[in-house]
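The next block holds one structure in the form of structure tokens; read it before the comments.
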Amino acid sequence: MESKMFKIYAREDEQIQLKIFPGHFVTPQSHITHYMDITTMKSRCSEAKRIARVLAKNYETTTPVDTILCMDGLEVVGAYLADELTKAGILSMNAHQTIYVTSPEYNVGQMIFRDNIQMMIKGKNILILNGSVTTGETLAKAVASILYYGGKISGIAAIFSAVSSVAQLPVCSIFQQKDIPSYGTYRGHDCPLCRNKQKIDAMVNGYGYSKI
């Protein structure tokens, strides 16, 4: 699997490199033809800072952001993104004029926010930061959860997204499906790779992969 890996480079900054593994992979929602490895992108400070700088350009100074909700373990990128947005003059309605950076908790598949975290969500303008978006279903659940807890969605940012919008909200991403023309995502019961009896390489999610 690793021997087939290749890289693509961001148009805005060629030093942002996305590692891609072709094959047959299973996510919690679908089967996909390529796995996007964002491990170093969210762990190395230099890469995280470059990603944050590019993503920040998508948001006007009139877009209020009080909290960045980090999915897929993207807290390092989220912290740099908060810094970039603050330097750009993005409005924050928080009394201390700074942006919260937090992540969700999952309980039996449901996204929840404990009482001590809800003050970062309720009545706040939330920017959702995602790693790799395939079908958008997990993202849609995140939007629903934020609204349930009284938050407002300011925007959705991602490193890679196969969809352009979720819940009628645009997804601003560094890489899109057009960057990987052969990329495909399918429901399990309608997967052509399964029909062709192609072996599943790994189970994957935003945190990584586990070979089968």
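We count residues from 1, following the sequence as given.
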Could you tell me which non-hydrogen atom of [X] sits nearest to which non-hydrogen atom of [Y], and how far apart they are?
X	Y	answer
Gly206	Ile38	O-CD1, 4.3 Å
Tyr209	Val204	CB-CG1, 3.5 Å
Val101	Cys70	CG1-SG, 3.6 Å
Ala82	Ile68	N-CD1, 3.5 Å
Val143	Ala167	CG1-CB, 4.3 Å
Met36	Ser132	CG-OG, 3.8 Å

Same cluster or not: are [X] and [Y] linked, directly or through other Ile, Leu, Val, Met, Phe, Trp or Tyr residues, by side-chain heavy atoms under 4.5 angstrom apart?
X	Y	result
Ile121	Met119	yes
Ile32	Tyr207	no
Met120	Met111	yes
Val54	Leu74	yes
Leu18	Leu129	yes

For a 4.5 angstrom cut-off between non-hydrogen side-chain atoms, does [X] reach [Y]?
X	Y	value
Leu127	Val65	yes
Met41	Val77	no
Asp37	Phe21	yes
Thr63	Leu91	no
Met71	Thr138	yes
Lys19	Thr40	yes
Lys42	Ile51	no

Full working for side chain to side chain contact (heavy atoms under 4.5 Å, CB included) between Met5 and Ile20: CA-CA 6 Å; Met5 186 273 289; Ile20 301 174; 6.0 Å; no

Arg114/Glu105 under salt bridge (charged side-chain N to carboxylate O under 4.0 Å, His left out): CA gap, chis, key distance, verdict: CA-CA 8 Å; Arg114 300 285 180 180; Glu105 179 181 345; 2.7 Å; yes

side-chain hydrogen bond (donor to acceptor under 3.5 Å, both in side chains) partners of residues 143-169, not counting sequence neighbours, each pair once: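 Every pair satisfying side-chain hydrogen bond (donor to acceptor under 3.5 Å, both in side chains) with a residue in residues 143-169: there are none.
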
Sequence neighbours excluded, every pair satisfying side-chain hydrogen bond (donor to acceptor under 3.5 Å, both in side chains) that has a member inside residues 67-78: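 Sorted pair list: Glu75-Ser103.
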
Kindly compute the distance separating [atom1] ([X]) from [atom2] ([Y]), expressed to the nearest 0.5 Å.
X	Y	atom1	atom2	value
Asn130	Cys172	CG	SG	13.0 Å
Thr102	Ile117	OG1	CD1	4.5 Å
Thr98	Tyr100	OG1	OH	9.0 Å
Glu14	Tyr9	CD	OH	8.5 Å
Ile153	Leu169	CD1	CG	6.5 Å
Leu55	Leu81	CG	CG	6.0 Å

CD/Gln97: more than 12 non-hydrogen atoms of other groups inside 6.0 Å: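 Above 12, so yes.
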
Pairs meeting criterion ring pair (Phe, Tyr, Trp, His ring centres under 6.0 Å) with involvement of residues 165-190, two or more places apart: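 For residues 165-190, and leaving out neighbouring residues, the ring pair (Phe, Tyr, Trp, His ring centres under 6.0 Å) pairs sorted by first residue read Phe160-Tyr183.
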
Ring pair (Phe, Tyr, Trp, His ring centres under 6.0 Å): pairs with one or both residues in residues 38-93, sequence neighbours excluded: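 Every pair satisfying ring pair (Phe, Tyr, Trp, His ring centres under 6.0 Å) with a residue in residues 38-93: there are none.
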
Between [X] and [Y], is there a donor-acceptor pair closer than 3.5 Å when you use the side chain of the first and the backbone of the second?
X	Y	value
Asp66	Met93	yes
Gln118	Phe113	yes
Asn196	Leu193	no

For [X], what residues pass the side chain to side chain donor-acceptor pair (under 3.5 Å) criterion, not counting sequence neighbours?
X	answer
Thr86	none
Asn94	Ser92, Lys124
Lys211	Glu2
Thr27	Ser30

Asp190: partners by salt bridge (Lys or Arg N to Asp or Glu O under 4.0 Å), with sequence neighbours left out: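 Testing Asp190 for salt bridge (Lys or Arg N to Asp or Glu O under 4.0 Å), a comparison that skips the adjacent residues, returns Arg195.
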
Counterpart residues, salt bridge (Lys or Arg N to Asp or Glu O under 4.0 Å), relative to Asp83 (two or more places apart):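 Asp83 satisfies salt bridge (Lys or Arg N to Asp or Glu O under 4.0 Å) with Lys87 only.
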
Remaining members of hydrophobic cluster (4.5 Å side-chain criterion), Ile212: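 Its cluster mates, by chain and number, are Val26, Ile200, Met203.
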
Inter- and intrachain pairs under salt bridge (Lys or Arg N to Asp or Glu O under 4.0 Å), touching residues 173-189, at least two apart: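 Residue pairs with at least one partner in residues 173-189: Arg11-Asp179, Glu137-Arg187.
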
Phe6 and His34 aromatic ring geometry - parallel, tilted or perpendicular at 30°/60° bounds: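 Correct class here is perpendicular.
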
Whether His24 and His31 hold their rings parallel, tilted or perpendicular, with breakpoints at 30° and 60°: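 Taking His31 first and then His24, their aromatic rings sit tilted (interplane angle of 30° to 60°).
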
Pair Ile180-Ile8, side chain to side chain contact (heavy atoms under 4.5 Å, CB included): steps then yes or no: CA-CA 9 Å; Ile180 314 168; Ile8 59 175; 4.1 Å; yes

Asp13: which of Lys57, Lys49, Arg50 passes salt bridge (Lys or Arg N to Asp or Glu O under 4.0 Å):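 By the salt bridge (Lys or Arg N to Asp or Glu O under 4.0 Å) criterion, Asp13 pairs with just one of Lys57, Lys49, Arg50: Arg50.
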
